[in-house]
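Keep in mind the model is a prediction, meaning the values are calculated, not measured.
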Amino acid sequence: MPLDWDIFCSSTTGGGLLAGCFGRGGETSYLQWLLSAWGWTATVSVLGFLVAVLLGVVVGTVRTLSGRPWLNGIAAGWVELFRNIPLLVQVFLWYHVAPVFVPALKAVPSWLLVSVALGLFTSARIAEQVRAGIDSLPRGQRNAALALGMSNAQAYRRVILPVALRIMLPALTSEAMNIVKNSSVAFAVSIAELTQFALQAQEETARGIEIYLAVTLLYAATAFAVNRVLAVIEAGVRVPGIGASARSEG
């Protein structure tokens, strides 16, 4: 069967070929629908990543505070809870179950609930990476900061976290790319992102090859763009000597 890319210039209502791929006379083309779905994928991914980083840094840092075992236990419970429940189940819990106990959540848009679920799931992974990054630092850095008169909080804020976060940027890059892929679970609650578009458009047009190829390319392009942006940031904030020592050991 020859590929028919003109399908993206067809109307989503009548199915006929439009004069322009961006619609006319109020009609919407499949290309417009595809780009809108891409926008929703990007929105859910960005919000989920922000939630994951903010919570992951806090929880991961708390896990390294040896002086407060009860707080460490809460952080460890957070990690085990959100890491061991499948992401799709967490999405359903936020969408179907949580509003029953917190009625105010019924007014929250579904895309925001999915972003929170995605962020919480990923925060558990980032928390472990933050903990590993902090534990990998020589204890002399913390001791030197304390010897200079800094409090424990100041030592974390000014010395430990800035170095640890730069060391773990490669791991954060992987998590950011994973979030783009994991955002596909949003289709389960009828958010019009890329996977939902692919399922509906394939049913309407019976052109699954073109539809899924386009969606696959957009997922790959988005993940690649995230990788390149974070790679540039990583190169700009790399701790001097760490990259060279790693290469020499390899």
Side-chain angles (χ1 to χ4, degrees), residues 43-85 87 90 112 115-180 182 223 225-250:
T43 299
V44 171
S45 300
V46 169
L47 289 178
F49 186 65
L50 291 176
V51 172
V53 170
L54 291 175
L55 293 177
V57 169
V58 172
V59 175
T61 301
V62 168
R63 293 207 65 187
T64 64
L65 300 177
S66 57
R68 294 180 173 85
W70 63 271
L71 198 57
N72 191 295
I74 293 176
W78 176 287
V79 170
E80 295 305 320
L81 175 66
F82 290 107
R83 185 171 61 176
N84 293 316
I85 299 177
L87 176 56
Q90 293 190 40
L112 188 55
S115 299
V116 170
L118 188 58
L120 291 175
F121 175 80
T122 310
S123 72
R125 298 170 56 88
I126 292 179
E128 287 298 275
Q129 294 161 4
V130 171
R131 180 181 66 83
I134 292 175
D135 288 343
S136 69
L137 298 178
R139 293 190 59 84
Q141 293 195 13
R142 182 183 307 185
N143 295 336
L146 296 176
L148 289 174
M150 295 184 188
S151 66
N152 202 35
Q154 290 174 327
Y156 268 91
R157 187 173 69 252
R158 298 178 181 177
V159 178
I160 299 171
L161 279 177
V163 178
L165 291 177
R166 285 190 283 179
I167 291 175
M168 59 169 286
L169 261 177
L172 276 181
T173 300
S174 296
E175 292 305 327
M177 295 172 67
N178 283 335
I179 275 189
V180 173
N182 288 339
V226 169
N227 179 282
R228 291 298 86 203
V229 169
L230 289 179
V232 171
I233 295 175
E234 178 190 347
V237 302
R238 180 180 292 125
V239 179
I242 288 183
S245 62
R247 285 192 296 270
S248 63
E249 291 173 2

Enquirer: Rounded to the nearest 0.5 Å, how far does CE of M168 lie from OG1 of T173?
Expert: 9.5 Å
Enquirer: Under the side chain to side chain contact (heavy atoms under 4.5 Å, CB included) test against V57, which residue among L55, V59, V53 passes?
Expert: V53
Enquirer: Please determine which of L172, L54, V79 meets the side chain to side chain contact (heavy atoms under 4.5 Å, CB included) test together with I126.
Expert: L172
Enquirer: Has R131 got more than 12 heavy atoms of other residues, nucleotides or ligands less than 6.0 Å from its CZ?
Expert: yes
Enquirer: Quick one: does Q90's side chain have a donor or acceptor within less than 3.5 Å of a partner on I85's backbone?
Expert: yes
Enquirer: Under 4.5 Å between any side-chain heavy atoms of V46 and L50, yes or no?
Expert: yes
Enquirer: Report the distance from atom CD1 of I134 to atom CD1 of I167, rounding to the nearest 0.5 Å.
Expert: 10.0 Å
Enquirer: For the residue pair L120 and W78, what are the closest heavy atoms and their distance?
Expert: CD2-CZ2, 3.5 Å
Enquirer: Return yes if some donor-acceptor pair links the side-chain N/O of Q154 with the main-chain N/O of S151 below 3.5 Å, else return no.
Expert: yes
Enquirer: What pair of heavy atoms forms the shortest contact from L165 to V130, and how long is it?
Expert: CD2-CG2, 4.4 Å
Enquirer: Quick one: pull up CG in N178 and OG in S45 and give me the separation to the nearest 0.5 Å.
Expert: 11.0 Å
Enquirer: Show, in sequence, the C-alpha distance, side-chain angles and deciding distance for L65 and N72, and conclude whether the side-chain contact (heavy atoms from CB on, under 4.5 Å) test is met.
Expert: CA-CA 7 Å; L65 300 177; N72 191 295; 5.7 Å; no
Enquirer: Which pair of non-hydrogen atoms, one from A52 and one from T122, has the smallest distance, and what is that distance?
Expert: CB-CB, 3.7 Å
Enquirer: Under the side-chain contact (heavy atoms from CB on, under 4.5 Å) criterion, do R157 and M150 qualify, and how do the steps go?
Expert: CA-CA 10 Å; R157 187 173 69 252; M150 295 184 188; over 6 Å; no
Enquirer: What closest approach, in Å, do A155 and A145 show between heavy atoms, and which atom pair accounts for it?
Expert: CB-CB, 3.7 Å
Enquirer: Quick check for you: to the nearest 0.5 Å, what is the distance between I179 atom CD1 and L118 atom CG?
Expert: 4.5 Å
Enquirer: Closer than 4.0 angstrom, basic N to acidic O: yes or no for R166 and E234?
Expert: no
Enquirer: Could you check whether any side-chain N or O of N84 sits under 3.5 Å from a backbone N or O of E80, counting only pairs where one atom can act as donor and the other as acceptor?
Expert: yes
Enquirer: Any chance you could measure F121, atom CZ, to N182, atom CG, to the nearest 0.5 Å?
Expert: 6.0 Å
Enquirer: Find the distance between CD (E175) and CZ (F49) and round it off to the nearest 0.5 Å.
Expert: 8.5 Å
Enquirer: Under 3.5 Å, is there a donor-acceptor pair between the side chain of T64 and the main chain of T61?
Expert: yes
Enquirer: Can you name the closest pair of heavy atoms from A223 and M177 and give their distance?
Expert: O-CG, 3.7 Å
Enquirer: Considering non-hydrogen atoms only, spot the tightest contact between V44 and S115 and give its length.
Expert: CA-OG, 3.5 Å
